[in-house]
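Contents: one structure, followed by commentary.
Throughout, numbering of the chain's residues begins at 1 and tracks the sequence. Here the structure is a predicted model, which means the values were calculated and not measured. All values below come from the heavy atoms of this structure, side chains included, with hydrogens, waters and symmetry mates left out.
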Amino acid sequence: MKTYSHKAARSPSPDDNHSYLRRMNYIFDLNMKVRDYECDLQGIVNNANYQHYIEHTRHEFLLSRGISFAELHEKGIDAVVARLNMAFKTPLRSRDEFVSRLALTKEGIKYVFHQDIYRLPDLTPVIRATVEAVCLVHGKLGTCEELDSLLCE
(Lines give C-alpha, C1' and ligand atoms only; values in the text may rest on other atoms or scores of the structure.)
Protein backbone atom coordinates (compact mmCIF):
# COMPACT_ATOMS: atom_id res chain seq x y z
CA MET A 1 0.00 0.00 0.00
CA LYS A 2 1.33 3.39 -1.02
CA THR A 3 1.31 6.26 1.40
CA TYR A 4 1.22 9.86 0.38
CA SER A 5 2.62 12.68 2.37
CA HIS A 6 0.76 15.92 2.25
CA LYS A 7 2.45 19.16 3.15
CA ALA A 8 0.17 21.71 4.67
CA ALA A 9 -0.13 24.81 2.55
CA ARG A 10 1.65 27.68 4.17
CA SER A 11 -0.08 30.96 4.71
CA PRO A 12 1.35 33.75 2.62
CA SER A 13 3.49 36.11 4.61
CA PRO A 14 3.34 39.88 4.24
CA ASP A 15 6.65 39.59 2.39
CA ASP A 16 4.96 37.42 -0.27
CA ASN A 17 2.42 40.19 -0.86
CA HIS A 18 5.08 42.89 -1.11
CA SER A 19 7.08 40.71 -3.51
CA TYR A 20 3.98 40.42 -5.74
CA LEU A 21 3.49 44.20 -5.56
CA ARG A 22 7.06 44.74 -6.71
CA ARG A 23 6.69 42.31 -9.65
CA MET A 24 3.46 43.81 -10.96
CA ASN A 25 4.06 46.92 -13.05
CA TYR A 26 1.03 48.97 -12.03
CA ILE A 27 0.41 52.09 -14.09
CA PHE A 28 -2.68 53.41 -12.31
CA ASP A 29 -4.10 53.47 -8.77
CA LEU A 30 -7.55 54.54 -7.64
CA ASN A 31 -8.47 54.87 -3.95
CA MET A 32 -12.06 54.07 -2.96
CA LYS A 33 -14.18 53.36 0.11
CA VAL A 34 -16.85 50.69 0.63
CA ARG A 35 -20.37 52.05 0.96
CA ASP A 36 -22.89 50.39 3.29
CA TYR A 37 -25.29 49.37 0.51
CA GLU A 38 -22.54 47.36 -1.24
CA CYS A 39 -22.51 44.82 1.60
CA ASP A 40 -24.69 41.75 1.94
CA LEU A 41 -26.29 40.23 5.04
CA GLN A 42 -22.95 38.74 6.06
CA GLY A 43 -21.53 42.24 6.41
CA ILE A 44 -19.06 41.85 3.55
CA VAL A 45 -19.00 43.37 0.08
CA ASN A 46 -21.23 41.41 -2.27
CA ASN A 47 -19.08 39.67 -4.90
CA ALA A 48 -20.77 41.48 -7.82
CA ASN A 49 -19.56 44.85 -6.53
CA TYR A 50 -15.92 43.94 -7.10
CA GLN A 51 -16.65 43.90 -10.83
CA HIS A 52 -18.02 47.44 -10.49
CA TYR A 53 -14.86 48.52 -8.66
CA ILE A 54 -12.50 47.21 -11.34
CA GLU A 55 -14.68 48.53 -14.18
CA HIS A 56 -14.71 51.98 -12.58
CA THR A 57 -10.92 51.76 -12.27
CA ARG A 58 -10.52 50.96 -15.99
CA HIS A 59 -12.79 53.86 -16.96
CA GLU A 60 -10.96 56.31 -14.68
CA PHE A 61 -7.61 55.07 -16.01
CA LEU A 62 -8.67 55.70 -19.61
CA LEU A 63 -10.09 59.12 -18.76
CA SER A 64 -6.83 60.02 -16.98
CA ARG A 65 -5.07 59.30 -20.29
CA GLY A 66 -7.54 61.33 -22.35
CA ILE A 67 -9.49 58.37 -23.72
CA SER A 68 -13.30 58.42 -23.56
CA PHE A 69 -15.48 55.40 -24.31
CA ALA A 70 -18.12 57.75 -25.72
CA GLU A 71 -15.63 59.35 -28.12
CA LEU A 72 -14.29 55.95 -29.19
CA HIS A 73 -17.85 54.82 -29.87
CA GLU A 74 -18.46 57.90 -32.02
CA LYS A 75 -15.43 56.81 -34.10
CA GLY A 76 -16.93 53.31 -34.49
CA ILE A 77 -14.64 51.71 -31.90
CA ASP A 78 -16.16 49.72 -29.06
CA ALA A 79 -13.91 48.14 -26.42
CA VAL A 80 -15.77 45.19 -24.89
CA VAL A 81 -14.92 42.66 -22.18
CA ALA A 82 -14.29 39.22 -23.66
CA ARG A 83 -13.24 37.43 -20.48
CA LEU A 84 -13.07 38.23 -16.77
CA ASN A 85 -11.41 36.22 -14.02
CA MET A 86 -11.44 37.22 -10.35
CA ALA A 87 -9.77 35.41 -7.48
CA PHE A 88 -11.16 36.47 -4.11
CA LYS A 89 -8.60 36.69 -1.29
CA THR A 90 -10.00 38.70 1.65
CA PRO A 91 -13.44 40.32 1.93
CA LEU A 92 -13.95 44.03 2.32
CA ARG A 93 -16.43 45.39 4.89
CA SER A 94 -18.43 48.59 5.16
CA ARG A 95 -16.30 51.73 5.30
CA ASP A 96 -13.08 49.84 4.46
CA GLU A 97 -10.76 51.95 2.35
CA PHE A 98 -8.97 50.26 -0.52
CA VAL A 99 -6.84 50.87 -3.57
CA SER A 100 -7.64 49.42 -6.98
CA ARG A 101 -4.49 48.99 -9.06
CA LEU A 102 -4.14 48.37 -12.77
CA ALA A 103 -1.48 47.12 -15.18
CA LEU A 104 -1.96 46.67 -18.92
CA THR A 105 -0.50 44.22 -21.44
CA LYS A 106 -1.49 43.10 -24.93
CA GLU A 107 -1.76 39.52 -26.19
CA GLY A 108 -2.54 39.43 -29.89
CA ILE A 109 -5.66 41.55 -30.31
CA LYS A 110 -6.59 41.29 -26.62
CA TYR A 111 -5.90 44.08 -24.18
CA VAL A 112 -5.30 42.43 -20.81
CA PHE A 113 -5.99 44.53 -17.73
CA HIS A 114 -4.34 43.06 -14.63
CA GLN A 115 -6.34 44.51 -11.77
CA ASP A 116 -5.80 43.99 -8.08
CA ILE A 117 -7.53 45.45 -5.07
CA TYR A 118 -5.76 45.91 -1.73
CA ARG A 119 -7.30 46.93 1.59
CA LEU A 120 -5.74 50.01 3.11
CA PRO A 121 -3.67 50.79 5.01
CA ASP A 122 -2.07 47.33 5.34
CA LEU A 123 -2.23 46.40 1.60
CA THR A 124 -3.96 43.09 2.32
CA PRO A 125 -4.87 41.48 -1.04
CA VAL A 126 -8.64 41.52 -1.63
CA ILE A 127 -8.96 40.33 -5.23
CA ARG A 128 -6.69 39.59 -8.15
CA ALA A 129 -8.38 39.93 -11.51
CA THR A 130 -7.61 39.79 -15.19
CA VAL A 131 -9.92 41.38 -17.71
CA GLU A 132 -9.43 40.62 -21.39
CA ALA A 133 -10.93 43.23 -23.68
CA VAL A 134 -11.15 43.34 -27.44
CA CYS A 135 -12.05 46.16 -29.79
CA LEU A 136 -14.79 46.07 -32.36
CA VAL A 137 -13.94 48.54 -35.09
CA HIS A 138 -17.07 49.20 -37.14
CA GLY A 139 -18.38 45.84 -35.92
CA LYS A 140 -15.25 43.79 -36.70
CA LEU A 141 -12.43 42.68 -34.40
CA GLY A 142 -9.53 45.06 -34.71
CA THR A 143 -7.01 47.16 -32.86
CA CYS A 144 -7.36 50.60 -31.38
CA GLU A 145 -4.55 53.13 -31.81
CA GLU A 146 -5.66 54.96 -28.67
CA LEU A 147 -5.37 51.85 -26.52
CA ASP A 148 -2.16 50.76 -28.25
CA SER A 149 -0.61 54.12 -27.31
CA LEU A 150 -1.11 53.25 -23.62
CA LEU A 151 1.23 50.28 -24.01
CA CYS A 152 4.08 52.58 -25.03
CA GLU A 153 4.00 54.68 -21.85
Please name the pair of heavy atoms, one in [X] and one in [Y], separated by the smallest distance, quoted to 0.1 Å.
X      : Y     : answer
Thr90  : Tyr50 : O-OH, 4.4 Å
Phe28  : Arg65 : CD1-NH1, 4.0 Å
Val45  : Arg93 : CG2-N, 4.5 Å
Phe98  : Asp96 : CD2-O, 3.9 Å
Leu147 : Ala79 : CD1-CB, 4.4 Å
Cys39  : Val34 : SG-CG1, 3.9 Å

What's the spacing between [X] [atom1] and [Y] [atom2] if we round to 0.5 Å?
X      : Y      : atom1 : atom2 : result
Thr105 : Asn25  : OG1   : CG    : 10.5 Å
Ile77  : Leu136 : CD1   : CG    : 10.5 Å
Ile54  : Leu30  : CD1   : CG    : 12.5 Å
Ser68  : Glu146 : OG    : CD    : 10.5 Å
Thr143 : Glu145 : OG1   : CD    : 7.0 Å
Leu92  : Tyr118 : CG    : OH    : 13.0 Å

**Q.** Salt-bridge criterion met for Asp29 and Arg101 (N-O under 4.0 Å)
**A.**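 Result for this pair is yes, salt bridge flagged.
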**Q.** Salt bridge flag under 4.0 Å for residues Arg119 and Glu97
**A.**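 Glu97 and Arg119: not salt-bridged.
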Q) Parallel, tilted or perpendicular: which fits the ring planes of Phe61 and Phe113, with parallel below 30° and perpendicular above 60°? A) perpendicular
**Q.** Sequence-distant partners of Arg35, salt bridge (Lys or Arg N to Asp or Glu O under 4.0 Å), two or more places apart
**A.**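 Only Glu38 meet the salt bridge (Lys or Arg N to Asp or Glu O under 4.0 Å) criterion with Arg35.
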Q: Could you pull out all residues at least two apart from Lys33 that satisfy salt bridge (Lys or Arg N to Asp or Glu O under 4.0 Å)?
A: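 Lys33: no salt bridge (Lys or Arg N to Asp or Glu O under 4.0 Å) contacts found.
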**Q.** Phe69 side chain near Leu62 side chain, heavy-atom distance below 4.5 Å
**A.**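 Yes. Closest side-chain heavy atoms under 4.5 Å.
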Q.
I want to check something: taking the side chain as every heavy atom from C-beta on, are His56 and His52 in contact at a cut-off of under 4.5 Å?
A. no
Q.
With side-chain contact (heavy atoms from CB on, under 4.5 Å) as the criterion, how do Tyr111 and Leu104 come out once you've worked through the C-alpha distance, each side chain's angles and the decisive distance to 0.1 Å?
A. CA-CA 7 Å; Tyr111 299 91; Leu104 177 63; 4.2 Å; yes
Q.
With side chain to side chain donor-acceptor pair (under 3.5 Å) as the test, pick out the partner of Gln115 among Arg58, Glu55, Arg128.
A.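 Checked Arg58, Glu55, Arg128 against Gln115; only one passes side chain to side chain donor-acceptor pair (under 3.5 Å): Arg58.
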(Q) Walk me through whether Ile117 and Val99 qualify under side-chain contact (heavy atoms from CB on, under 4.5 Å). (A) CA-CA 6 Å; Ile117 292 177; Val99 60; over 6 Å; no
Q. Are Leu151 and Leu72 grouped together when hydrophobic residues (ILVMFWY) are joined by side-chain heavy atoms under 4.5 angstrom apart?
A. yes
**Q.** Over 12 non-hydrogen atoms of neighbours within 6.0 angstrom of NE2 in His59
**A.** yes
